[in-house]
Amino acid sequence: ANLNEKLTRLEAVTNQVLELDAATATAEAYRVLYQSLSCSTAETVVSSERILAGVRGVSASLHPAIACEKLIDFGEAALVRHDTSLVAQVCGEVDGRLGGVRDDMKVAVLTRYARFLSRAGQDAKGRSNLEAAEGLLDAPSLLKAELPLALARIGAAWQDVGVPDAARACYRKALRALAGLAN
């Protein structure tokens with residue numbers, strides 16, 4: 001009853017027009033509620049589905065980059081619970097929103113998503129996302145001052161997904177890009 005009451009309250013908030021802080025806090029509340037679910041019962045499965053529906057609803061009111069971040073947060077909670085079905089659904093949601101993320105913001109989202117995918121056992125898809133992130137480094141919207149950090153993030157992600165040679169290459173590029181900054 002307590003779980004249903006909490007879900008009903010969150011769903012009522014989700015159905016309102018939310019400003020950014022309220023929407024991100026609501027997405028976080030859904031994640032915390034999901035993490036508090038007990039063992040795998042029929043009620044837990046139904047609750048998980050309601051929670052994911054709520055996260056989808058809240059995510060619709062967020063900028064695509066922030067929505068992807070909140071979905072990945074939720075997916076990481078599902079990984080901890082070994083909820084492979086929910087992880088797959090979250091991946092589908094993130095994949096559907098990536099196209100709406102601006103190039104300058106997409107590098108950070110793709111690197112985090114690649115790490116998540118690797119932890120979820122989807123190494124090939126994770127590497128593909130890192131390759132896509134590297135392809136965005138020449139985007140006009142990515143400022144020269146942002147390039148060293150973007151390269152360092154990609155390098156760290158390559159390391160996390162188990163490709164140390166690519167990581168070292170990105171770190172070297174990051175150092176050259178940093179040295180090339182005037183300030």
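Being a predicted model, the structure only gives us computed values, none of them experimental.
The structure places CG of L142 at 11.0 Å from CZ of R102, a figure rounded to the nearest 0.5 Å. How far CG of L136 is from CD1 of I154: 8.0 Å, rounded to the nearest 0.5 Å. Once rounded to the nearest 0.5 Å, the distance linking OG1 of T111 with CD of E134 reads 11.0 Å. Atom CG in L110 sits 11.5 Å away from atom CD in E131 (nearest 0.5 Å). Here CG of L151 is found 11.5 Å from CZ of R153. Values are rounded to the nearest 0.5 Å. From D103, atom CG reaches atom CG of L137 across 10.5 Å, with rounding to the nearest 0.5 Å.
Proximity of a side-chain donor or acceptor of T26 to a complementary backbone N or O of A22 within less than 3.5 Å is detected.
Closest approach of A133 to V107, counting heavy atoms only: O-CG2, 3.9 Å. When all heavy atoms are compared, the tightest approach of A157 to L130 is CB-CD2, 3.4 Å. Here the shortest heavy-atom pairing between V90 and L52 reads CG2-CD1, 4.3 Å. Between R127 and V161, the closest heavy-atom pair is NH1-O, 3.9 Å. Here the closest non-hydrogen pair linking R97 and P64 is O-CB, 3.8 Å. Closest approach of P148 and A174 over heavy atoms only: O-CB, 3.6 Å.
Ring pair F74/Y34: centre-to-centre distance below 6.0 Å.
Side-chain contact between L62 and K70 is present, with at least one heavy-atom pair separated by less than 4.5 Å. Between V94 and C91, every side-chain heavy-atom pair lies at or beyond the 4.5 Å cut-off. The shortest distance between side-chain heavy atoms of D104 and L143 does not fall below 4.5 Å.
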Under the side-chain contact (heavy atoms from CB on, under 4.5 Å) criterion, do Q89 and V55 qualify, and how do the steps go?
CA-CA 12 Å; Q89 290 178 61; V55 172; over 6 Å; no
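Annotation: salt bridge (charged side-chain N to carboxylate O under 4.0 Å, His left out) contacts involving residues 106-119, sequence neighbours excluded, comprise E69-R112, D73-R112, E76-R112, E76-R119, R115-D160. Applying the ring pair (Phe, Tyr, Trp, His ring centres under 6.0 Å) definition to pairs two or more places apart or across chains, none involves residues 111-166.
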